[in-house]
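See structure below.
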Protein chains: 2
Amino acid sequence: MDLEYYNNIPAFVLFAVADVHYDGRASSILERGNYLIIKKEDGSFMVHGACHVPALNYMSSGSIIHIKGNIITVTRRSETIRTKIYNCYEGIPILGWSDHKIKIRKTEAELTARIIDDPETYLGPGIYTAHREYPTLAGPVDLVLTSTVIYTIEVKRKRISLKDSYQLQRYLDAFAKVALVEKKHLNMPPGCEIVGCLAGPDISINALNHCRENGIRYLPVQFEEEVL
Amino acid sequence: MDLEYYNNIPAFVLFAVADVHYDGRASSILERGNYLIIKKEDGSFMVHGACHVPALNYMSSGSIIHIKGNIITVTRRSETIRTKIYNCYEGIPILGWSDHKIKIRKTEAELTARIIDDPETYLGPGIYTAHREYPTLAGPVDLVLTSTVIYTIEVKRKRISLKDSYQLQRYLDAFAKVALVEKKHLNMPPGCEIVGCLAGPDISINALNHCRENGIRYLPVQFEEEVL
DNA sequence: CGATGGATGTCGTGC
DNA sequence: GCACGACGTCCATCG
């Protein structure tokens, strides 16, 4: 078994007897067993067990992967994976692996776009100006729409939870701290109202109660095909 | 190429020309290309591209995986992945794949245990009673410690962020709504103070400011070896 | 480099 | 089945 041969292979898959030691943000040991070991050409590295989607051990792209004797050492910043190979049942170099990106629909961005395309459906008649990813000191708000008031909108693709309500609250608090500056920046009068909104296809009872208690509006928004 | 042969194989890896269509919580298309396709014996399924640790397409354990002709169909609840195989460069059945769990250190639970083992170090002299994962209407608090006051503690293994401060706030709000009931439940007098705490190895400036403004205590806690 | 939030997050747990 | 939170989350984006 000349494992070092794989130093020259940009991507490979092994099925091997191995144990794995990781040290970095945390520290872990994977006991000796039969695992699927993958190196990708971007310098990412994975050790997969028999079950579950995520790898047991892994390192992100940009890692330095070096094989010496029967040990694969993977390093990235202050993290290290040491994989000791005791026996290799299968080893296949991977050539021509495609790097196509997946095209995806039903994302949060799609729901945000729906509100921007037709704000009157969700907020009533008016002339609206939209600001996506509007920055605050507590992070960017998905969508700020202005008409006679300022709508601060957090959009979710899944059912809205109480956690999401507090995410919005965080933005509203940050906004309130510098409200006059923000209103000026949005070309709105100093006295105009600020209305917090949560938008999404569904909302939990806990979150809905929190909305009622805190003057937050829930805006039901569906993905295009769900309407049909 | 008799792909249907793999219907009888509990786990396999293919490197193949394929395209992938997913529909379920979202909807996605992965264009034709060379991908690594993995089926595990727990019924999980992955399609890996040339880059990055996570799979491009995937389905959790318990999925129903069936091959007919050159199409692999994976189903789980209302989700489906349809993988069309145009050519298979490599196909290896995986036998004896180990299902060992990883043993991990430097988890949140470890930090929580450190506080429970020696609360006086973090909160000062006193006699403490600990409640892990104390339930509230907004979710469980990592740790509630009682002495003469009630400490409501959210523990983080990483640097504490403003988001974490609001997680604690959420618990404190829920606690406050039924404070008398909670105090009785904890055998504490009705008038006793409730102190929110964030515990962890580090805290962001934003989060620390939020603590100061809201009477929340930050408890520095390190992992054992970092102290050395 | 840190900070922040999305994700088909996945997975475990408790109800 | 739903709700919730941890995770070495990973990853893109922005300052």
Side-chain angles (χ1 to χ4, degrees), chain A residues 20 22-28 30 42 44 46 51-62 76-81 101-102 104-109 111-112 133 135-142 154-164 167 170-171 174 202 204-207, chain B residues 20 22-28 30 42 44 46-47 51-62 74 76-81 101-102 104-109 111-112 133 135-142 154-164 167 170-171 202 204-207 223:
Chain A
V20 187
Y22 162 77
D23 203 73
R25 283 170 292 176
S27 186
S28 74
L30 179 62
D42 67 342
S44 54
M46 286 132 272
C51 295
H52 302 309
V53 169
L56 294 168
N57 283 102
Y58 52 87
M59 201 82 91
S60 294
S61 60
R76 198 186 127 93
R77 311 199 191 205
S78 58
E79 299 183 286
T80 305
I81 298 176
K101 273 198 66 176
I102 204 162
I104 199 156
R105 270 214 46 229
K106 295 198 205 169
T107 61
E108 185 193 280
L111 286 181
T112 306
E133 299 295 324
T136 75
L137 291 172
V141 186
D142 285 330
E154 182 57 32
V155 183
K156 293 293 162 191
R157 63 175 303 286
K158 300 198 302 185
R159 171 179 287 197
I160 291 160
S161 70
L162 188 56
K163 181 162 86 171
D164 302 324
Q167 184 183 348
R170 192 149 43 89
Y171 298 146
D202 195 8
S204 77
I205 289 291
N206 262 2
Chain B
V20 187
Y22 162 76
D23 202 71
R25 284 168 294 175
S27 185
S28 75
L30 179 62
D42 66 343
S44 54
M46 287 133 269
V47 177
C51 295
H52 302 309
V53 169
L56 295 168
N57 284 102
Y58 52 87
M59 200 84 90
S60 294
S61 59
V74 182
R76 197 185 127 94
R77 310 199 192 211
S78 58
E79 298 184 286
T80 304
I81 297 176
K101 274 198 67 177
I102 204 163
I104 198 157
R105 268 214 48 228
K106 297 197 206 171
T107 60
E108 184 194 279
L111 286 182
T112 305
E133 300 295 322
T136 75
L137 291 171
V141 187
D142 285 330
E154 183 57 31
V155 183
K156 291 293 161 191
R157 65 175 302 285
K158 300 199 301 186
R159 172 179 285 196
I160 291 160
S161 70
L162 188 57
K163 180 161 85 173
D164 301 324
Q167 183 184 345
R170 191 150 44 89
Y171 299 145
D202 194 9
S204 77
I205 290 291
N206 262 2
F223 289 111

ask   = Between B:R159 and C:dA3, does any side-chain N or O lie under 4.0 Å from OP1 or OP2?
value =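 Yes, within the criterion.
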So does B:N206 get a side-chain nitrogen or oxygen closer than 4.0 Å to the phosphate oxygens (OP1/OP2) of C:dT4?
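For C:dT4, OP1 or OP2 has a side-chain N or O of B:N206 closer than 4.0 Å.
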> Taking the same atom, P, in D:dC4 and in D:dG8, what whole-Å distance lies between them?
Replying inline: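 Roughly 23 Å separates the two P atoms.
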Shortest non-hydrogen contact from [X] toward [Y]:
X      : Y      : result
B:I102 : A:L56  : CD1-O, 3.3 Å
A:I81  : A:Y58  : CD1-O, 3.2 Å
A:L111 : A:K156 : CD1-O, 3.3 Å
B:R25  : B:E79  : NE-OE2, 2.8 Å
A:D42  : A:S61  : OD2-CB, 3.0 Å
B:D142 : B:E108 : OD1-OE2, 3.1 Å

ask   = More than 12 non-hydrogen atoms from neighbouring residues, nucleotides or ligands closer than 6.0 Å to CZ on B:R105, yes or no?
value =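 Enclosed.
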(Q) So A:R76, base contact, sugar-phosphate only, or nothing? Heavy-atom distance under 4.0 Å. (A)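 The residue A:R76 makes no contact with any strand.
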Problem - Positional range of nucleotides in DNA chain D within the contact set of chain A, heavy-atom, under 4.0 Å - result: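 Nucleotide range with atoms under 4.0 Å of chain A: D:dC2 to D:dC11.
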Protein-nucleotide distance (B:I160, atom CD1; C:dG2, atom C1'), rounded to Å: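 Distance, rounded to whole Å: 16 Å.
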Side chains of B:S204 and B:N206: is there a donor and an acceptor less than 3.5 Å apart?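 No - no donor-acceptor pair under 3.5 Å links their side chains.
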Quick tally for nucleotides 5-15 of chain C: nucleotides whose base has a protein heavy atom under 4.0 Å get B, sugar-phosphate-only ones S, the rest -, giving SSSBSSSS---
Report the base-pairing partner of C:dT4 (Watson-Crick or G-U wobble, both distances below 3.5 angstrom), or none.
->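 Result: D:dA12.
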